[in-house]
Each structure stands twice: as structure tokens, then as C-alpha cells.
*Asks:* 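Quick one: structure below, then a few questions.
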Amino acid sequence: MSTDLALPARERAAAPDTGAVPPDPVLLRVADLTVTYGTGEDAHVAVRGASFALRRGERVAVVGESGSGKTTMGLAIAGLLTAPTAVTSAAELVFDGRALERGPARTVPVRTPGLSMVFQDAMTSLDPVATVGSQFAAVLRGAARLSNKAARERAAEWLVRVGLTDTARVLHARPYELSGGMRQRVMVALAMCGSPRLLIADEPTSALDASVSRDVMDLLTRMTQEEGASLLIITHDIELCRIYTDRMIVLYRGEVVDVCATAHVEQEATSPYTKALLSCVPTLEAADLDRLPTLGEFVPEAAAGVAEAPPAGTAAA
Amino acid sequence: MNPESVPGYVALRGDGAPTGRGSSAFTAVKPLDFEIDSTSAIGIVGESGSGKSTLARMLVGLEPVSSGVVTYNAAPLPQFLRSRTGRRDFRAAVQFVAQDTSSSFDPRRTLGDAVETPLAILHGITGDAAAERVAEVLALLQLDPGHLRRYPSEVSGGQRQRFALARALVVRPRILLCDEVVSALDVSVQGTVLNIIKEYCETNAVGLAFVSHGLPATAFVARELVVMRAGEVVERGPTRQVLDDPQHPYTASLLAAYRRDRAVVGPAERPVVAAVGPA
Ligand SMILES: Nc1ncnc2c1ncn2[C@@H]1O[C@H](COP(=O)(O)OP(=O)(O)O)[C@@H](O)[C@H]1O
Ligand SMILES: [Mg+2]
């Protein structure tokens, strides 16, 4: 597994020459992150000893199958997991030069300045009953201490930036009054308006249809680039990851099995799982096949009982 | 009623512009001619908004056709669907599965209930016979029978999508229409489900219409490809032929876009990100 952190040439060249001490090129450093759901007999380790680093401005994908621990890892980094449901531990968890407090004793979610997270379903990220305008105001007044009027103007600017030009209507709308694609845009604008250094996006396009998902990925890429933010994109979609990310972290049953440059994943992947996964991505040659390749020894169903169990608290009685 | 005796033949003949609603509204005025029987394996491709889903929904009576007519076994479908027995016969023969959404299943009913109900309503099969057929279909789709007791929100999206397929196949339809049924699945599960769909339809002589934005997946299950743009069919032909020798510029552009996306490894062509210091 490669955790080499040498900067690619283009980023070194682009580092600003301010004369001051250059910022640490690493924005997020994760070492030995472990998350366990439940206790005692029900304890289930969803993420086991994950280590990786994320550079400033970098786009990194976390790929893996359903149940592999992608969401859990994102939530743990974002500070949204709390004991006793989930117990988090890490040897190192440093974001933007500061250690993140994610110890096992934490029972309330924390907001981490500079870090936002968006989810697959915009309805989960957005407050369903508050108008878009008031949701912006809540973020902007908190982050930038803006007055109501200034917050409204700033919100309108953000809406335009994400391609929603009918700002008056959108600001007055409640999320359910918008189309799915519009909601997703609002969600991105809301996540970015606090000027985060890192945006964690959990399957941001999985509920959208193909061309809309390209639009949303383009938007996420553009917005994070314009803001100089890093993007950690959690996805099961390898094609999407190939198009939009610099590196990929492959999770298999809670463990990081590969960290590779996306462009060289075929050469760099060392784990048999990653190799098998890549061989499953269908091509047009599929037209001539009687059977598509599947994961074979890594039968997802074999792990289904463990891996695809629903979140605790929703299990059938 | 013996399901094997249900003939299946759905045809859509439009002599004008079939209209969908909202963003999927068809703007084209070209006639649309489309039929599926139990020997079909048709893949319908096109970009979002091209009318693929609308076409599939029109074929099963879920979307109105403003001009032109959908027929089932040569009788106009709306007329068929007006009577209870007509609806029952149609649903027994033609099943539609859409992309998994929160509205695919009734949240208050268990998955077992959802899969068994069509058997009871459409074929009058209940009790042990129903349980046997359900078990068969679950095994086919590699689903855990233990999940039958669960509610839709208590399984993963991938599992729910397969339950939706189970609910359709349990009644042994003659025609299966699938709208983006593998799009939300993990790549590994995708292959498994596509293998199942293809093999099931071939061995049981079930006609398949498969709507998807995924070209490889569609090319795999379909013997014939239909390419749609803005509500019209711009090209159709044997799968290999359409892929190797597209006749319409739109088909060629779809294939080019697909190849371009696959050729791009990493965002090298996208603007370079400057390193930024802490705010
Ligand atoms: N709230 C929870 N309580 C208990 N187990 C959970 C909870 N959320 C997720 N899990 C389990 O943790 C594992 C990882 O899940 P998740 O992080 O959602 O994976 P992914 O996002 O890759 O699909 C799975 O086995 C899942 O069932
Ligand atoms: Mg997830």
C-alpha cells in the first residue's frame, strides 16, 4: 500500500510564494482510525485501523462496497459519530494543523470549523421545513457573523455560483418545493458557503440520474477548486471516481486495502480485492459476453449478513 | 390462471407526439414505433431527459400517451386497464421495475408482504405455494430469506433494488421492463444482478426491455439497442452493429462520450488546484 505523500510536480509549482512558512501540504492526517458500533456481544468493528492522508486541494475517493465502512469513516472524521452508539479511536487525527477530538467518551456531535459534509439525499443534509434563505442565514451568521441582510445577499451570490439564478424564488422555497437536482445544488452551496477547507461528500450523486450526477460532480469539483478546498468523496462508483479524483482509498470490510493514484490504479493496486474490483467494471466488450465477471472469491453476499446489515436502531424486532 | 398461458405482446404506435410530463415531456413530433414480446431483449439508451423512462412508463400505462396508442395483445392498453381483470392480466404478464427510491415500497409493509402480495392478487397463490415461489425467487436473486421480515428501510439500497426485482419476477411475467435497475448497485453486485436478469429472461422466455444510461450494462443484456434522443428513437439495431457502426450522429456522440470518460484517468485535464494556506 502506498501512503507516499510526495507532492505531484504541478502542486509544488503552484504553491504560493508568500515568503512565509508554507502551510503543511497535508490537510488531513488519519492514522489507525477504528470505529466500533455497539458494545459487548453486539460490537461490530465498522472501520479497522484506517490510515491515510489528504493534501490541500486534493480530491480523493473512498471506494468500496455497500457496508465496507465508507460512510462510517466519513462520519467519524466529521465528528458526527457519538458514543455509546459508535466508539471512535485513532492514533492520529489531525485536520488543518489541529488534533481533532474524536475520543471514545464523546456523546454529542461536534462541529469542526473548516469541515463540512454532504449526503446522498439532499433531504438529509437540509432542514426540510426551513426556507433555503434561513438555512443560509444560519450558516453565514455563524461562520461570518453577517447581518441578516448581508447574509441574504451572500446567500444569493452562492446560489448564482451553483447555477441557481432565480435566487429570490429559491431563497423563499423550502427544500421539498425544489427539484432533486436543485436541492443537490442548494446543498452544495450551503456546504461551501462557510468556506470549508475540506468537504466530505457521501455518495452525493447516487440518488440522481446519470447526466444530473455528472453535473453535480462537475459542480463539486468546481466549487472546491474555486475555494481551494479538498474533497473527500465517498462513492461506490468506480467510473465516477476515475473521472473526478486524484487518488483513491479502497475500503474492504472496514480496512483500507489500497491507497493509489487514480490514474495509475491498475499498476499501483496491491490488494487482490482492488484488482478483482477493477476487473468487474464492465466495458462495451460486455456485449459479447454470456456472463459478466463478478467478485468471485470476494462474494459480496457471503459477507451480506455482516456487511449489509441496516444501521442499528432500525433493525426489525 | 396458468401464468404460462399469458401471451405477452406490448406495442406502442405513435403517429404524433407522445407527451410526458414536466422535464421528460417529449418535444419530438416523429412517430414512435415500438414493440416488445417474450422473445425481445431490447436495451433503451440515451441521455437523461431523452425520454427512455417515459417510454418505458408509457408501455406499462403509467404515463399518458397524448397521441398514438399503446396496445396489449393488439387491444388498446387503456381499455384493457379499465377493468379489474384486464389490469390483473396485464400486470401478471408485464412487470415494471424502476430504480430504487424511497417510494418503491410501502414503508409500513414488510418486504415479505410486498413480494407475496402480487402472487395472491394476480395468481391467487397463497400459503405454502406462495412461500415456495417466494423462496425460489429470493434464491435466484441471492437474497436472504430472513430479510422478508424486515421493512424496506431496514435493508440496504442494493438489497431493496433486488427485492423490487423479486417482487416483479415472483409472478412469472412474460415481459420485464427495467428502468435503471442496476445504477445504484455496487459494481460487483451489478454484475451479479445483470447475469441473473439476462439468464433468467433467456431461459424462461421472458421479453426484456432494459432502460439504462449505462452503455456496457445495456449492451450486455440486450440483443437489440434502441437509442433515444428528445423523445424520439434515432437509431435501432442489433447491439454489436449499433456499437461498432453507429448510423446516427447522436449515437456516435454517445459512444464517443463514453470512450472519452473511460480514457480520462484522473482529473489531469481539469484545471490545476493551487495549494492554499489555512484560512
Ligand atoms: N448506526 C449503526 N449502528 C450499527 N452498525 C452500523 C451503523 N451504521 C452502519 N453500521 C454497520 O457498519 C458497517 C459499515 O457501514 P457503512 O459505514 O454504512 O458502510 P458503507 O457506507 O460503505 O456502505 C456495516 O456493517 C453497517 O451495517
Ligand atoms: Mg454509505
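A note on names: the letters A, B, ... follow the listed sequences, proteins ahead of strands, and every chain is numbered from 1.
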*Asks:* How far apart are the closest heavy atoms of A:Thr283 and B:Tyr258, and which atoms are they?
*Replies:* CA-OH, 3.5 Å
*Asks:* Are there more than 12 heavy atoms of other residues, nucleotides or ligands under 6.0 Å from atom CD of B:Glu199?
*Replies:* no
*Asks:* List the steps and the verdict of side chain to side chain contact (heavy atoms under 4.5 Å, CB included) for B:Arg259 and A:Leu284.
*Replies:* CA-CA 9 Å; B:Arg259 297 207 166 92; A:Leu284 289 182; 3.7 Å; yes
*Asks:* Check this for me: B:Arg109, atom CZ, are more than 12 non-hydrogen atoms of other residues, nucleotides or ligands nearer than 6.0 Å?
*Replies:* yes
*Asks:* What residues, two or more places apart in sequence or in another chain, satisfy side chain to side chain contact (heavy atoms under 4.5 Å, CB included) together with B:Ser40?
*Replies:*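 If we apply the side chain to side chain contact (heavy atoms under 4.5 Å, CB included) test to B:Ser40, skipping adjacent residues, the hits are B:Ile36, B:Asp37, B:Ile42.
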*Asks:* How long is the straight-line distance from OG1 of A:Thr294 back to CG of B:Leu194, given to the nearest 0.5 Å?
*Replies:*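 It is 11.5 Å, given to the nearest 0.5 Å.
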*Asks:* Return the CD to CG distance between A:Glu65 and B:Leu185, rounded to the nearest 0.5 Å.
*Replies:* 11.0 Å
*Asks:* At a 4.5 Å cut-off on heavy atoms, which part of B:Ser183 comes close to chain A: side chain, backbone, both, or neither?
*Replies:*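 For B:Ser183, backbone heavy atoms alone lie under 4.5 Å from chain A.
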*Asks:* Identify the two heavy atoms, one from B:Leu243 and one from A:Ala287, that lie closest to each other, and give their separation to 0.1 Å.
*Replies:*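 Nearest pair, atom of B:Leu243 first, then A:Ala287: CD1-CB, 3.8 Å.
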*Asks:* Could you grab the distance from atom CG of B:Asp186 to atom NE2 of A:His236, nearest 0.5 Å is fine?
*Replies:* 5.5 Å
*Asks:* Please report the interatomic distance CD(B:Gln159) to OG(A:Ser66), rounded to the nearest 0.5 Å.
*Replies:*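 Spacing of CD (B:Gln159) from OG (A:Ser66) equals 7.0 Å.
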*Asks:* Please determine, among A:Asp237, A:Leu277, A:Asp288, the option with the most heavy-atom pairs under 4.5 Å with chain B.
*Replies:*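 Sorted descending by pairs with chain B, the first entry is A:Asp288.
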*Asks:* What pair of heavy atoms forms the shortest contact from A:Leu289 to B:Phe220, and how long is it?
*Replies:*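 Heavy atoms only, the tightest pair is O-CE1, 3.3 Å.
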*Asks:* Counting heavy-atom pairs under 4.5 Å with chain A, which one of B:Asn195, B:Thr239, B:Leu255, B:Val187 comes out on top?
*Replies:*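 Looking at each option in turn, the highest pair count goes to B:Asn195.
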*Asks:* Once you round to the nearest 0.5 Å, how far does CG of A:Asp290 lie from NZ of B:Lys198?
*Replies:* 6.0 Å
*Asks:* Taking all atoms of both residues into account, what is the closest heavy-atom pair of B:Pro216 and A:Ala286, and its distance?
*Replies:*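 So the two residues come closest at O-CB, 3.8 Å.
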*Asks:* Nearest 0.5 angstrom please: A:Leu292 CG to B:Ile196 CD1, how far?
*Replies:* 11.0 Å
*Asks:* For the pair B:Arg240 and A:Glu285, find out whether any cationic side-chain nitrogen is under 4.0 Å from an anionic carboxylate oxygen.
*Replies:*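 A salt bridge links B:Arg240 with A:Glu285.
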